[in-house]
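Atom set for the values below is all heavy atoms of this structure, side chains included, hydrogens, waters and symmetry mates excluded. From a predicted model like this one, the values you see are computed outputs, not experimental measurements.
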Amino acid sequence: MATYETTAAGAGEAAVIARVRAGDAGAYAELVRAYTGIALRAAAAFGAGGDAEDVVQTAFFKAYRALGRFEPGASFRPWLLRIVLNETRNALRSAGRRRCATRREAALTEAEPLIPESADPAVAALREERRALLLAALDRLSTEQRLVVTYRYLLEMDEAETAEALGWPRGTVKSRLNRALKKLSRLLPPPDGSPDLTGLTAPHQGRALMKDDKRGARCAG
């Protein structure tokens with residue numbers, strides 16, 4: 001998947017958005033190409049399952065319609081993912097379904113290969129086992145805790161982007177992330193070769209807990 005750096009390099013995100021506002025439809029296509037990948041991963045992580053593509057298409061359409069209200073200088077990615085989250089919730093409410101770890105896992109498995117075909121079967125089995133443990137542990141967090149872990153470590157967004165996407169103060173992001181990681185450290189055994197997580201700071205806990213799991217264990221409430 002193309003990245004923002006490769007699709008809009010030299011122009012800058014703000015310049016691309018300015019072109020869209022000026023009526024350049026091709027400019028918006030650059031943003032769509034740049035962010036479709038992470039939008040699909042986010043929709044799956046939020047529980048959209050087989051509706052992820054429809055959710056993302058709707059989110060891009062609504063984002064385009066709302067660009068006139070987009071704050072100049074703000075980052076497009078967290079703003080878009082906030083729309084993706086809202087659209088996922090709308091889709092789930094309208095369909096009358098509940099999110100569950102099994103459905104999220106199935107959708108993500110279809111979206112991308114979790115383990116290369118050439119991988120050692122023993123290594124593959126261990127990764128699958130740890131992924132299943134992480135999915136179960138994440139489902140034991142509160143909705144807010146699952147969201148903040150998903151944004152920070154599974155979608156790899158920084159603290160400022162996470163705060164913007166969730167509409168929370170940065171202090172709230174920090175405190176909820178700390179509580180979530182402490183709970184996960186109690187629920188999950190540390191990955192092989194990792195130290196006891198209880199003595200680590202939140203960033204180190206997050207990196208250790210999500211070791212080898214970023215591609216296969218994305219889920220949020």
Side-chain angles (χ1 to χ4, degrees), residues 1 4 13-14 16-17 20-21 27-108 110-111 135 138-139 141-177 179-180 214 217-221:
M1 175 61 63
Y4 172 75
E13 187 177 85
V16 174
I17 292 173
V20 177
R21 286 173 162 171
Y28 194 67
E30 292 182 36
L31 293 174
V32 172
R33 287 192 297 268
Y35 292 114
T36 292
I38 193 170
L40 285 170
R41 292 198 304 274
F46 299 147
D51 294 328
E53 289 189 4
D54 290 340
V55 163
V56 169
Q57 288 179 1
T58 301
F60 272 118
F61 175 73
K62 289 192 173 182
Y64 180 78
R65 295 281 302 272
L67 268 180
R69 301 192 301 273
F70 182 74
E71 182 180 350
S75 177
F76 184 79
R77 183 170 71 161
W79 184 72
L80 172 67
L81 294 187
R82 191 170 185 178
I83 297 173
V84 171
L85 174 58
N86 289 336
E87 286 308 306
T88 300
R89 288 171 169 167
N90 289 341
L92 291 167
R93 279 196 297 267
S94 65
R97 292 170 295 174
R98 294 181 179 272
R99 292 179 289 277
C100 68
T102 301
R103 185 161 65 85
R104 286 194 294 268
E105 184 176 2
L108 288 164
E110 294 171 2
L135 283 167
L138 285 169
D139 272 352
L141 301 180
S142 69
T143 298
E144 291 79 9
Q145 290 171 344
R146 283 196 299 273
L147 284 172
V148 73
V149 169
T150 296
Y151 275 110
R152 288 288 283 116
Y153 293 108
L154 303 181
L155 298 178
E156 299 181 317
M157 297 176 70
D158 62 29
E159 185 178 283
E161 287 180 313
T162 299
E164 185 175 349
L166 292 172
W168 299 346
R170 291 181 65 167
T172 300
V173 169
K174 285 184 177 180
S175 62
R176 288 179 176 169
L177 181 63
R179 287 195 292 271
K214 288 180 181 176
R218 304 182 182 93
C219 67

Requested in this report: Work out which heavy atom in Ala52 is nearest to a heavy atom in Ala44; give both atom names and the distance.
Outcome: CB-N, 4.4 Å
**Report entry** CZ-CG distance between Arg77 and Leu31, expressed to the nearest 0.5 angstrom
**Finding:** 13.5 Å
Query raised in the report: What are the two closest non-hydrogen atoms of Glu164 and Ser75, and how far apart are they?
Result: OE2-O, 3.6 Å
Query raised in the report: Within a strict 4.5 Å, meaning less than it, do heavy atoms of the Arg146 and Asp139 side chains meet?
Result: yes
**Report entry** Separation of Leu92 CG from Asp51 CG (nearest 0.5 Å)
**Finding:** 7.5 Å
**Report entry** Minimum-distance pair of heavy atoms, taken over all atoms of Arg152 and Asp158
**Finding:** NH1-CA, 3.6 Å
Requested in this report: Please tell me if the side chains of Phe46 and Thr150 come closer than 4.5 Å, counting only heavy atoms from C-beta onward.
Outcome: yes
Query raised in the report: Is there side-chain contact between Val20 and Phe70, with at least one heavy-atom pair below 4.5 Å?
Result: no
**Report entry** Pairwise side-chain contact, Tyr35 with Leu81, heavy-atom cut-off 4.5 Å (strictly under)
**Finding:** no
Report summary line: To the nearest 0.5 Å, atom CG of Asn86 lies from atom OG1 of Thr58 at 12.5 Å
Report task. Give the C-alpha distance, both sets of side-chain angles, the deciding distance and a yes or no for side chain to side chain contact (heavy atoms under 4.5 Å, CB included) between Val173 and Tyr151. Result -> CA-CA 10 Å; Val173 169; Tyr151 275 110; over 6 Å; no
Query raised in the report: So do Leu85 and Leu166 actually touch side chain to side chain, heavy atoms under 4.5 Å?
Result: yes
Report task. Classify the ring geometry between Tyr28 and Phe60 as parallel (under 30°), tilted (30 to 60°) or perpendicular (over 60°). Result -> perpendicular
Query raised in the report: Looking at Ala43 and Val55, what are the two nearest heavy atoms and their distance?
Result: CB-CG1, 4.2 Å
Report task. Could you pull out the closest heavy-atom pair between Ala163 and Arg170, with the gap in Å? Result -> CB-CG, 3.8 Å
Requested in this report: Check whether any side-chain heavy atom of Phe76 lies under 4.5 Å from a side-chain heavy atom of Val16, and answer yes or no.
Outcome: no
Query - Nearest-0.5 Å distance that lies between atom CD in Glu161 and atom CZ in Arg82 - result: 14.0 Å
**Report entry** All side-chain contact (heavy atoms from CB on, under 4.5 Å) counterparts of Ser175, not counting sequence neighbours
**Finding:** Arg179
**Report entry** Shortest non-hydrogen contact from Ala180 toward Val149
**Finding:** CB-CG2, 3.6 Å
Query raised in the report: Atom CD1 in Ile17, atom CD in Glu30: separation rounded to 0.5 Å?
Result: 11.5 Å
Report summary line: OG1 of Thr88 to CZ of Arg93, rounded to nearest 0.5 Å, is 10.5 Å
Query raised in the report: Is the CD atom of Glu159 crowded by more than 12 outside heavy atoms at less than 6.0 Å?
Result: yes
